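Worksheet: one structure, shown below.
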Amino acid sequence: MHFSGRIVGWHHCPFGKHEEDVEELAVQAVRGALADAGVAAAEVDAIYVGQFNEGFSPQGFPASLALQADDELRFKPTTRVENACATGSAAVHQGLQAIAAGAAETVLVVGFEKMSDVAGREVGEILLRASYVKEEAEIPGGFAGVFGRIASMYFERFGDQTEALARIATKGHRNGAKNPLAHFRKELPYEFSLEPSDKNPRVAGPLKRTDCSPVSDGAAALILQSPQAAAGKPRQVGFRAAVHVQDFLPMSRRDIILFEGCREAWGQAHAEAGTTIADLSLVETHDCFTIAELIEMEAMGLAAPGQAGALIAEGQTEIGGRLPINPSGGLKAKGHPIGATGVSMHIMAAMQLCGDAAALQVENAKLAGVFNMGGAAVANYASILERVN
Ligand code: COA
């Protein structure tokens, strides 16, 4: 399906640990995005709110928190969207659909999450509810346990990838150190990521702390407009493709180390966009754990299964390499406040395409890919973005 909606403005709160509650974070992001887009609250036709929650915040039913930003948002149709860690992209794609259906000309999308109020162990328990509870709830270590198991299976089939995972972590932190919006703004030496230590303990299977995205708070919002409503706007980023592929929930029903839903989403996205992976200038991909980035490289067609490690060692996914992956620092260093993540990924891609990415800028960025997933490749959202003005 062709989506004509365009991103015309955004606001991204710095990710990290924040004193503010979800409402304050949401309000900041919404006000910032409206101002950045030069759109009055009264012009908004529909609002999509992304939050996972499941116990991270005591406040349920979050849709109307967006309305706290401006009284003019009162009475606007507002819907909360949820699809685990892909919640933010689900909200973005829902906004595109409202415009494609002719139901809205201007859409506000906001994603937020406040994770740091609950204790570490409880964070894992909450996140594990996004697994297939009947079979997977006993996996120790929360969602890290799920990806630890995936990493172990990958190592068994294709050999030890400890070095590749350490290089992914190091790249994430190197890029994140230059991103003022990132949770971690500190480089991590490769040797530190490589070796388990007191400061870098094993978390689950072969995964160490440095292989994990952190527990973050944050909010991000963007404004989508139809081409007519966007006329004259100084920055317009369009969607050559926006694809959502949903796979089975139980890992037992899938060859889990192939991320087939991710592969399918990219295949459909390129067919829709008339592109191949070689056409992309950069990709923001869902590196909730370093093993996820490794497998996603294979699922996006950069390397055959088991071969992605070699590309990483050659530096092909660094800024300045053949295909920069996660120039923003990715979830690994930028942070992963669940409901905000997909919105953030689209903003990072839009910034690159508009030449606004400062120290992270990929030279001559023309087409940007975004891949955001919920669960272990269960909810799969692929977008291909390009600047259209
Ligand atoms: N990567 C690198 N460093 C990290 C880190 C991470 N993911 N998480 C924490 N740290 C650092 C902290 O900054 C702190 O450093 P300091 O001592 O220099 O101040 C130190 O490690 C200890 O932090 P703490 O918060 O006590 O770590 P922890 O062991 O309680 O938590 C994880 C670490 C990896 C278990 C936690 O970040 C986690 O659960 N991540 C996964 C979240 C998740 O599952 N998300 C959903 C994905 S689908």
Side-chain angles (χ1 to χ4, degrees), residues 15-17 52-56 83-89 113-132 136 139-151 165-166 168-177 182-190 192-218 249 251 256 259 262 285-293 295-296 326 329-342 344-345 371-380:
F15 288 174
K17 293 203 188 309
F52 175 67
N53 201 351
E54 284 290 330
F56 284 130
N83 219 348
C85 295
T87 287
S89 289
E113 207 78 52
K114 171 92 181 171
M115 300 171 77
S116 70
D117 281 348
V118 298
R121 191 186 164 80
E122 202 187 333
V123 169
E125 285 165 9
I126 289 172
L127 289 167
L128 205 54
R129 288 179 206 148
S131 68
Y132 185 55
E136 298 159 13
I139 296 178
F143 233 80
V146 170
F147 279 86
R149 183 171 288 186
I150 292 170
L165 300 191
I168 290 172
T170 305
K171 168 176 68 66
H173 280 261
R174 189 182 309 124
N175 294 344
H183 184 147
F184 290 130
R185 302 201 55 205
K186 199 171 79 176
E187 296 210 16
L188 272 190
Y190 169 67
F192 181 83
S193 308
L194 190 63
E195 295 296 337
S197 64
D198 286 353
K199 287 258 177 207
N200 189 22
R202 288 203 185 278
V203 173
L207 300 181
K208 301 182 286 296
R209 186 187 277 158
T210 48
D211 292 305
C212 306
S213 58
V215 172
S216 313
D217 307 326
L249 186 57
M251 289 199 284
I256 193 61
F259 282 16
C262 172
T285 200
H286 194 95
D287 58 332
C288 50
F289 299 93
T290 50
I291 184 68
E293 179 167 322
I295 297 177
E296 285 159 23
N326 290 329
L331 281 55
K332 171 68 269 254
K334 176 165 54 81
H336 183 23
I338 311 292
T341 286
S344 162
M345 294 171 97
F371 175 72
N372 182 200
M373 75 179 177
V378 176
N380 302 276

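Positions are given from 1 along the sequence. As the structure is a computational prediction, the values presented were derived from the model and not from experiment. Numbering of ligands and ligand atoms starts at 1, following listing order.
Using a distance-only test at 3.5 Å, with no hydrogens or angles considered, a donor-acceptor pair links the side chain of Ser131 to the main chain of Leu128. Using a distance-only test at 3.5 Å, with no hydrogens or angles considered, a donor-acceptor pair links the side chain of Asn175 to the main chain of Asn326. Put simply, the side chain of Asn380 gets close to the backbone of Val378: a donor and an acceptor are under 3.5 Å apart.
Looking from atom 35 (C) of ligand 1 to the surrounding protein, the closest heavy atom is Val203 CG1, 4.4 Å. Annotation: atom 44 (O) of ligand 1 to nearest protein heavy atom, Leu127 CD1, 3.3 Å. For atom 8 (N) of ligand 1, the closest non-hydrogen atom of the protein is Phe184 CZ, 3.9 Å. The nearest protein atom to atom 38 (C) of ligand 1, hydrogens excluded, is given as Val215 CG2, 3.8 Å; this is a heavy-atom distance. Of all protein heavy atoms, the one closest to atom 29 (O) of ligand 1 is Arg209 NH2, 3.2 Å. Ranking the protein heavy atoms by distance from atom 18 (O) of ligand 1 puts Lys186 NZ, 4.2 Å first. Annotation: atom 7 (N) of ligand 1 to nearest protein heavy atom, Cys212 O, 2.8 Å.
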- Message: Please evaluate residues Met373 and Cys288 with respect to the criterion side chain to side chain contact (heavy atoms under 4.5 Å, CB included), reporting the C-alpha separation (whole Å), side-chain torsions for both, the decisive distance (0.1 Å), and the verdict.
- Response: CA-CA 9 Å; Met373 75 179 177; Cys288 50; 4.3 Å; yes

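Ion pairing of Glu293 with Lys171 is present here, as a side-chain N (NZ or NE/NH1/NH2) and a carboxylate O approach within less than 4.0 Å. Using a 4.0 Å cut-off between a side-chain N of Lys or Arg and a carboxylate O of Asp or Glu, Asp217 and Lys17 do not qualify as a salt bridge. Ion pairing of Arg121 with Glu125 is present here, as a side-chain N (NZ or NE/NH1/NH2) and a carboxylate O approach within less than 4.0 Å.
Considering Pro201, Ser213, Ala144, Ala130 only, the shortest heavy-atom separation from atom 40 (N) of ligand 1 involves Ser213.
Within the 4.0 angstrom cut-off, atom 25 (O) of ligand 1 has no protein heavy-atom neighbours. In this structure, atom 14 (C) of ligand 1 has no protein heavy-atom contact shorter than 4.0 Å. At a distance under 4.0 Å, no protein heavy atom can be found next to atom 32 (C) of ligand 1.
Applying the 4.0 Å criterion to heavy atoms of Phe143 picks out, from ligand 1, the atoms 44 (O), 48 (S). Atoms of ligand 1 lying under 4.0 Å from at least one heavy atom of Lys199, given by number and element, are 17 (O). Near His336, meaning under 4.0 Å from any of its heavy atoms, are these atoms of ligand 1: 46 (C), 47 (C). Atom numbering of ligand 1 starts at 1 in the shown order; those under 4.0 Å from a heavy atom of Lys332 are 1 (N), 2 (C). Those atoms of ligand 1 that come under 4.0 Å of a heavy atom in Cys85, given as number and element, are 48 (S).
Between His173 and Phe184, the ring planes lie parallel to each other; the angle is under 30°, not in the 30° to 60° tilted range.
Counting only heavy atoms from C-beta outward, the side chains of Thr341 and Pro337 approach each other to under 4.5 Å.
Within the 4.0 Å heavy-atom criterion, the part of Cys288 lying near ligand 1 is the side chain and not the backbone.
Closest heavy-atom contact between Met251 and Glu136: N-OE2, 2.8 Å.
Ring centroids of His286 and His336 are separated by less than 6.0 Å, placing the two rings close together.
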